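Chain identifiers are assigned alphabetically (A, B, ...) following the order of the sequence lines, protein sequences preceding nucleic acid strands; residue numbering begins at 1 within each chain. As the structure is a prediction and not an experimental result, all values here were calculated from the model.
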There are 2 protein chains.
Amino acid sequence: MSRRSYAHYCPVARTLDVIGERWALLIVRELALGPRRYTDLHADLPGISTDVLAARLKDMEANGLVTRRRLSVPVWVYELTPRGHELVPVLAGLASWGSALLSEADPTDALRGHWFAIPLATALRQAAGSATGTVRVLLDEHDWSLRIGPGGVTFTGEDTEPDATVRLDTATAAALARGDTRLSDAVAHGEVTVKGDTALSCALGTTNSVR
Amino acid sequence: MSRRSYAHYCPVARTLDVIGERWALLIVRELALGPRRYTDLHADLPGISTDVLAARLKDMEANGLVTRRRLSVPVWVYELTPRGHELVPVLAGLASWGSALLSEADPTDALRGHWFAIPLATALRQAAGSATGTVRVLLDEHDWSLRIGPGGVTFTGEDTEPDATVRLDTATAAALARGDTRLSDAVAHGEVTVKGDTALSCALGTTNSVR
DNA sequence: CGGCATCCGTGACGATACTG
DNA sequence: CAGTATCGTCACGGATGCCG
């Protein structure tokens with residue numbers, strides 16, 4: 001908890017005591033796709049200072065959101081705990097609300113493809129309908145994997161052969177996040193390419209309107 | 001937007017640019033139930049300083065989250081715009097995540113009954129099943145009204161006779177928010193009283209397990 | 001070189017006093 | 001009642017240094 005707590009007996013205020021400080025939720029965003037090293041976090045959180053990143057990670061570890069794990073002898077990674085992972089739906093809600101703000105693109109803005117992983121997961125979840133399975137996303141030079149289940153979406157490692165592979169660029173991802181484009185329309189226009197021969201890839205790759 | 005923007009082309013970061021500053025989301029919490037005066041806001045946001053409250057309201061007005069309206073000649077009220085109201089589901093997500101943190105009750109914590117309106121609405125929505133209608137909530141000395149629709153819950157004024165009236169205390173509300181108690185069990189134990197003779201009041205007042 | 005800790009300038013915040 | 005003014009404090013951002 002922040003040293004400066006709201007001291008309100010209120011579930012919203014309690015949450016903000018834990019993840020309301022600057023950068024905290026963006027660190028969750030970075031870790032949502034899987035474990036990351038300190039340097040990777042620093043590289044993908046442009047603008048954060050080194051001490052604030054270190055302090056946040058310590059706070060979040062103390063609050064049970066993050067664990068520090070040793071990958072090899074010199075390599076430590078940070079990853080979300082299950083409790084921390086439960087914040088991903090919250091991020092999805094924030095992303096959904098904020099997608100409308102993406103129209104104003106500032107040339108000074110930083111940009112990483114995986115920042116669209118969460119809103120893209122929401123769009124893929126809708127487009128999949130009742131189909132389930134794993135999806136590999138290729139967005140510009142970034143890539144990640146996710147599993148579409150009946151209840152929701154989880155990000156996975158890239159261990160297995162995906163049921164569907166989706167390739168797109170950042171502009172298309174932003175349009176999908178904003179809801180300006182439906183996935184089916186983007187596929188029809190060739191802005192999104194779906195590969196695979198499973199029920200899931202068919203569901204994502206057809207022009208059927210899902211909602 | 002805060003003068004200190006993240007400058008990330010990312011829907012989450014864009015949202016935090018707008019509502020990530022201290023107190024902003026708690027102001028939304030206060031306005032979720034309806035229009036409020038400056039003094040009321042200040043009274044129900046213990047710990048906020050007058051200048052920060054004024055500054056946030058100005059920012060939120062500039063960002064289209066809040067409007068200032070003249071009720072009578074000397075009385076101004078602040079209320080959420082439709083865009084601001086779209087943040088209520090986000091608050092519900094934050095409240096759901098943070099309900100587990102309410103077990104640690106600090107005696108120095110401030111407390112207002114209506115701080116449980118959002119998690120309580122979530123619980124009522126689940127308990128209602130397919131029933132719809134208006135509910136009047138009486139929590140200690142606080143009270144408010146909400147409409148349970150098929151898609152979600154909205155807070156309303158107290159204009160009409162409610163389909164159901166629900167009376168409970170803060171401790172019960174906290175238990176319901178945490179998920180420690182189901183509404184049906186709380187009704188069975190007499191911790192929640194449901195009045196009315198509609199389908200909705202029956203759905204809320206029976207001991208049927210809904211999930 | 002990755003992973004921080006230290007120092008310092010700036011801005012956001014909190015408390016109180018004051019004003020139309 | 002509804003804020004504005006003032007000021008001390010703290011969090012943040014940037015740069016640099018230390019240490020394995």
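At least one side-chain nitrogen or oxygen of B/Trp23 sits closer than 4.0 Å to the OP1 or OP2 atom of C/dG14. Distances shorter than 4.0 Å separate some side-chain N or O of B/Lys58 from OP1 or OP2 on D/dT4. In this structure, B/Thr50 does not reach the D/dG3 phosphate: none of its side-chain N or O atoms is under 4.0 Å from OP1 or OP2. Side-chain nitrogen and oxygen atoms of A/Arg22 include at least one within less than 4.0 Å of the OP1 or OP2 phosphate oxygen of D/dG13. Within the structure, every side-chain polar atom (N or O) of A/Arg37 is placed at least 4.0 Å from both OP1 and OP2 of C/dC4. Side-chain N/O atoms of A/Arg56 include one lying less than 4.0 angstrom from OP1 or OP2 on D/dC12. Side-chain N/O atoms of B/Tyr78 include one lying less than 4.0 angstrom from OP1 or OP2 on D/dG3.
Note: CZ (A/Arg70) to P (C/dG2) measures 16 Å, nearest angstrom.
By the 6.0 Å and 45° rule, B/Arg83 stacks over the aromatic ring of A/Trp97.
Between A/Ile48 and A/His42 the shortest heavy-atom distance is O-NE2, 3.5 Å.
Nearest-nucleotide positions on DNA chain C place A/Ala54 closer to the 5' end than the other of A/Ala54 and A/Tyr6. Nearer to the 5' terminus of DNA chain C, by closest-nucleotide assignment, is the contact made by A/Leu57 (compared with the other of A/Leu57 and A/Asp51).
Here C/dG3 is the nucleotide among D/dG13, C/dG3, D/dC1 with the atom lying nearest to any side-chain atom of A/Arg68.
Atom CG of B/Asp44 sits about 12.0 Å away from atom CD1 of B/Ile27, to the nearest 0.5 Å.
The only member of A/Arg70, A/Arg68, A/Arg37 that meets side chain to side chain contact (heavy atoms under 4.5 Å, CB included) when paired with A/Val77 is A/Arg37.
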